[in-house]
Amino acid sequence: DTAFIKQKPDMPTDSKITNCKLNDIVITVNKILNRKVTPSVVMKTLDDDLKLREFARMGKELHKRGDKCAFCGNAITDERWAELDGYFNDEVLHFRELIQQKIDKTKKLILDFKGVKIPELESFYPELQEKAGDILLDLANKNAKISEFLDKIEKSLIDKLGHMFNETKSIDYDVPEDISETLASLN
C-alpha cells in the first residue's frame, strides 16, 4: 500500500486514547465498587443521606474547633467534633479521594474520546475513499460505544461515592473494542 491519505489530517493519536485499556478500567472500577469502608463512629443520620453527609464533610473542612456553625450559628461542641472525626476517619477520606480521582480520570477520558476528530473522507485519495469510508464509520461507531461505556463507568463511580459504606454490584457492561487497530489501518 502506498500512502492512504492525501494530506495528513489531524488524526486522533493521543496516547490516552490509543493506549486506553478498557478491560483494566473495568478491573480497577470493580475493585472500588466491591470495597467498602467503615467509619469508626456510626452516625445514622449521615449514613442514610448522601447530601447531608457531603454537607457535614464540607462543614468539617470549612470550620475549626471553637467555630460556630456558619449554617445554623450554634457552637460546634467537642463531642460533635469527635463524632465527625470518627465518622470521616482517614480510611473514609482516602477512599473518597480514590473514588473522586477515578471519577476525574474517567471524565477526562470521556472528554478525550468525545473530542476525537474523525478525518473527512475527502482527505483520502479517491481510489481509497471507499475503504477509508468503511474504516471511518467503524472508528466513529467504536468511539461512540467507548464514550457510552465510559459514561456508565462514571455514573457507577458517582453512585459509589454515595454508598462507600456498602459493597456495590460489580459492573458487567460489555467492554467495547478499542480503536487502536482501526486508527492504525488508516495510516
Side-chain angles (χ1 to χ4, degrees), residues 10-58 86-119 131-187:
D10 290 332
M11 295 294 287
T13 57
D14 188 329
S15 64
K16 289 179 266 278
I17 292 171
T18 57
N19 295 327
C20 182
K21 305 290 184 226
L22 299 175
N23 284 320
D24 292 348
I25 291 172
V26 170
I27 291 167
T28 302
V29 170
N30 278 336
K31 284 180 184 177
I32 290 170
L33 295 178
N34 293 319
R35 183 176 163 196
K36 68 177 185 173
V37 291
T38 306
S40 52
V41 172
V42 176
M43 295 180 75
K44 194 68 176 151
T45 56
L46 299 182
D47 284 347
D48 297 335
D49 190 332
L50 172 62
K51 288 181 182 177
L52 188 57
R53 183 170 53 239
E54 282 303 299
F55 176 76
R57 186 189 62 77
M58 288 296 297
Y87 191 82
F88 296 109
N89 62 34
D90 286 345
E91 181 186 15
V92 171
L93 295 176
H94 289 300
F95 188 47
R96 185 187 184 291
E97 182 63 27
L98 173 73
I99 297 168
Q100 190 60 56
Q101 287 173 355
K102 194 63 180 170
I103 290 169
D104 294 344
K105 284 182 181 179
T106 303
K107 283 181 179 181
K108 177 74 174 102
L109 267 177
I110 290 168
L111 290 174
D112 290 342
F113 275 96
K114 288 185 177 177
V116 167
K117 303 265 188 283
I118 307 293
K131 181 179 177 187
D134 293 341
I135 294 170
L136 293 176
L137 181 62
D138 185 44
L139 179 62
N141 288 335
K142 284 180 180 176
N143 192 54
K145 286 179 182 176
I146 291 170
S147 293
E148 181 181 319
F149 171 78
L150 291 171
D151 283 336
K152 289 178 182 178
I153 294 283
E154 179 188 20
K155 285 180 179 80
S156 295
L157 288 166
I158 290 170
D159 185 57
K160 182 62 179 181
L161 268 180
H163 300 94
M164 291 189 305
F165 306 122
N166 304 318
E167 286 184 28
T168 49
K169 187 178 174 215
S170 295
I171 53 174
D172 59 357
Y173 316 129
D174 290 333
V175 178
E177 292 180 49
D178 73 23
I179 60 175
S180 302
E181 289 180 30
T182 307
L183 284 172
S185 66
L186 284 173
N187 291 328

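All values reported here derive from a predicted model rather than from experimental measurement.
- Taking OG1 from Thr168 and CG from Leu33, the interatomic distance works out to 4.0 Å, rounded to the nearest 0.5 Å.
- For the pair Ser40 (side chain) and Gly86 (backbone), a donor-acceptor distance under 3.5 Å is present.
- Atom CG of Asp174 sits in a sparse spot, with 12 or fewer heavy atoms from other residues, nucleotides or ligands closer than 6.0 Å.
- The distance from atom CG of Leu161 to atom CZ of Arg53, rounded to the nearest 0.5 Å, is 8.5 Å.
- Aromatic ring centres of Phe165 and Tyr87 lie closer together than 6.0 Å.
- Contact record, Ile171 with Ser156: CG2-OG, 3.4 Å, taken as the closest heavy-atom pair.
- Remark: Asp151 engages Lys114 in a salt bridge (Lys or Arg N to Asp or Glu O under 4.0 Å) (not counting sequence neighbours).
- Glu54 and Arg96 are joined by a salt bridge, as a carboxylate oxygen and a charged side-chain nitrogen come within less than 4.0 angstrom of each other.
- Taking every heavy atom of both residues into account, Phe95 and Ile32 meet most closely at CZ-O, 3.5 Å.
- For the residue pair Lys36 and Asn166, the shortest heavy atom distance occurs at CB-C, 3.6 Å.
- Contact check on Glu177 versus Lys142 returns a salt bridge, with a Lys/Arg side-chain nitrogen under 4.0 Å from an Asp/Glu carboxylate oxygen.
- Within the model, atoms NZ of Lys169 and CG of Asn34 stand 11.5 Å from one another, a figure rounded to the nearest 0.5 Å.
- Rounded to the nearest 0.5 Å, atoms CD1 (Ile153) and CD1 (Ile110) are 9.0 Å apart.
- Residues Ile146 and Leu109 are not in side-chain contact: their nearest non-hydrogen atoms beyond the backbone lie 4.5 Å or more apart.
- Formation of a donor-acceptor pair under 3.5 Å by the Asn143 side chain with backbone atoms of Ile179 is not found in this model.
- A salt bridge links Asp112 to Lys108: one of the charged nitrogens lies within less than 4.0 Å of a carboxylate oxygen.
- Residues Val26 and Phe149 are in side-chain contact: their nearest non-hydrogen atoms beyond the backbone lie under 4.5 Å apart.
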Please step through side-chain contact (heavy atoms from CB on, under 4.5 Å) for the pair Val29 and Thr106, ending with a clear verdict.
CA-CA 10 Å; Val29 170; Thr106 303; 5.6 Å; no
May I have the step-by-step check of side-chain contact (heavy atoms from CB on, under 4.5 Å) for Phe55 and Leu46, ending in yes or no?
CA-CA 9 Å; Phe55 176 76; Leu46 299 182; over 6 Å; no
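- Residues passing the side chain to side chain contact (heavy atoms under 4.5 Å, CB included) test with Lys152, sequence neighbours excluded: Glu148, Tyr173.
- For the atom pair CE of Met164 and CG of Leu50, the computed distance is 8.5 Å after rounding to the nearest 0.5 Å.
- The line from CG of Asp178 to SG of Cys20 is 8.0 Å long, rounded to the nearest 0.5 Å.
- The shortest distance between side-chain heavy atoms of Glu154 and Lys107 falls below 4.5 Å.
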